[in-house]
Engineer: 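Dumping the structure here so I can ask a few things about it.
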Amino acid sequence: MTAGLRVSDDPLASPVLAPRYYTDPAVFEAERASVFHASWIYMCHAGEVAEPGSMLPRTIHGEPLVVVRNREGELRAFHNVCQHRAMQVVKERCRRNVLQCPYHGWVYDLDGRLVSARRTAHLETFDRTSLGLLPVRFAEIDSFVFVNIDGTAPPAEEIFGPVFADARACGVEPAGLLKARHIDYEIRANWKVVIDNFVESYHTEVAHPGYCEYADFDRAFVEDGPWHTLMGGPPARHVLESCRRGGTPGVTANRYNWAWPTTMVLFSPGPANLFIWEAIPLSWERTVFRHTFFFDRDEDDLLPEQQAHISMDGALQAEDTALVEGVWQGLNSRAAPRVGRYVVNDRETQHSERAVWRFHHRLQGLYDTNDIHQHHSGERVS
Ligand code: FES
Ligand SMILES: [Fe+2]
């Protein structure tokens, strides 16, 4: 097999990630295990499972999971798969004393132990203790809950620690946040195009003129670490002044942060707010971009500045969706860039694509290690 062009160690000279890694469904299939199951994926906010007995199911990259608060008030996370005949045990967010499977009624306690199985007394060698729900690795970082399906990811603190430390330093208090709602944007593109577009602001001056009036873009920056990217800067003077006039202490900076592979953490100046954005791939060519809004109060009581964040969200996302879907068409074209370049600029990092290179470089390493080739479908390119 021909090796093809690879993302190299030198971002200034490297070609971009080859188009076939985006457009080949077999690459996406391989990413399920090598990227998604091997990484920390956002599950929920701890406040969504606040009371003993609260439980919240969610299917993450094909795996039905459930997070449970046990009697002692500790979190537990399990595969939401009954060990009788594989039914999903918890259907929706709820509060119960036990987890009871809706199929044949087997009952698990809040620590996942099988405590009763109907009409099994006559069975020989029936060992309840070996039939508990299977735990899944999870981590709670500043009240946000993440899961790592295959258990091999580096400690979650390494990935998300810097992002949430930055949030706290900017006046966000994650523990007190409540989920207001989420908006799902359906995007016709591979999930990586969504991330590529998110981690650089080289496109901002051209594609988001409105945003440049809201933020002090000349003083904006991108700071990239091994697993995350902090992007942001001070708000424009008029935004800062109106925050001060509002008199509500709160968040003091603007951030568009990303953590490997699909979680984004954003906040804006003004009264308490934080948004989690998730790129949720449905297939190699379709992605849901879920924007979830958290504030310090119920949705019915939001302050006007908080309400404004929700209303502004759609306009900016529409600009980005058009860009991402345009790129997707181009990547599927015969004329997709074979070499491409990263526009790296370490003096004005807000105009740099270094973070795109870093994201691709990590992916390239995973593709190489897992023998995922850009000519996966058998086509030979010389
Ligand atoms: S599948 Fe759950 S009780 Fe049968
Ligand atoms: Fe954008």
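Remember, it's 1-based here, ligands and their atoms both numbered in the order they're listed.
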Engineer: Can you see whether Ser8 engages Asp10 through a side-chain donor-acceptor pair at a distance of less than 3.5 angstrom?
Structural biologist: no

Engineer: Where is the nearest protein heavy atom to atom 1 (S) of ligand 1: which residue, which atom, and how far?
Structural biologist: Arg85 N, 3.3 Å

Engineer: Suppose I only count heavy atoms of Trp106 and a 4.0 Å limit; which atoms of ligand 1 are within that range?
Structural biologist: 3 (S)

Engineer: Would you name the N/O/S atom of His84 that lies closest to atom 4 (Fe) of ligand 1?
Structural biologist: ND1

Engineer: Looking just at side-chain N and O atoms, do Asp368 and Gln364 make a donor-acceptor pair shorter than 3.5 Å?
Structural biologist: yes

Engineer: State, to the nearest 10 degrees, the angle whose vertex is the Fe ion (ligand 2) and whose arms point to OD2 of Asp320 and NE2 of His208.
Structural biologist: 90°

Engineer: Check the angle between the aromatic planes of Phe293 and Phe295 and answer parallel, tilted or perpendicular using the 30° and 60° thresholds.
Structural biologist: parallel

Engineer: At a 4.0 Å threshold, what atoms of ligand 1 neighbour a non-hydrogen atom of Gly105?
Structural biologist: 3 (S)

Engineer: Tell me whether atom 2 (Fe) of ligand 1 has His104 as a neighbour, meaning an N, O or S atom of it below 2.8 Å.
Structural biologist: no

Engineer: Does NZ or CZ of Lys179 lie under 6.0 Å from the centre of the six-membered ring of Phe294, at an angle within 45° of the ring axis?
Structural biologist: no

Engineer: Are Arg362 and Trp227 in a cation-pi setup, meaning NZ or CZ lies under 6.0 angstrom from the ring centre and within 45 degrees of the ring axis?
Structural biologist: yes

Engineer: Between atom 4 (Fe) of ligand 1 and Cys101, is there an N, O or S atom separated by less than 2.8 Å?
Structural biologist: no

Engineer: Between Glu200 and Arg354, is there a salt bridge with N-O shorter than 4.0 Å?
Structural biologist: no

Engineer: State the atoms of ligand 1, each with its element, that fall below the 4.0 Å cut-off from a heavy-atom position in Cys82.
Structural biologist: 1 (S), 2 (Fe), 3 (S)

Engineer: Any side-chain donor paired with an acceptor under 3.5 Å for His37 and Asn148?
Structural biologist: no

Engineer: I'd like to check which ligand 1 atoms, numbered from 1 as shown, lie under 4.0 Å from a non-hydrogen atom of Met87.
Structural biologist: 1 (S)

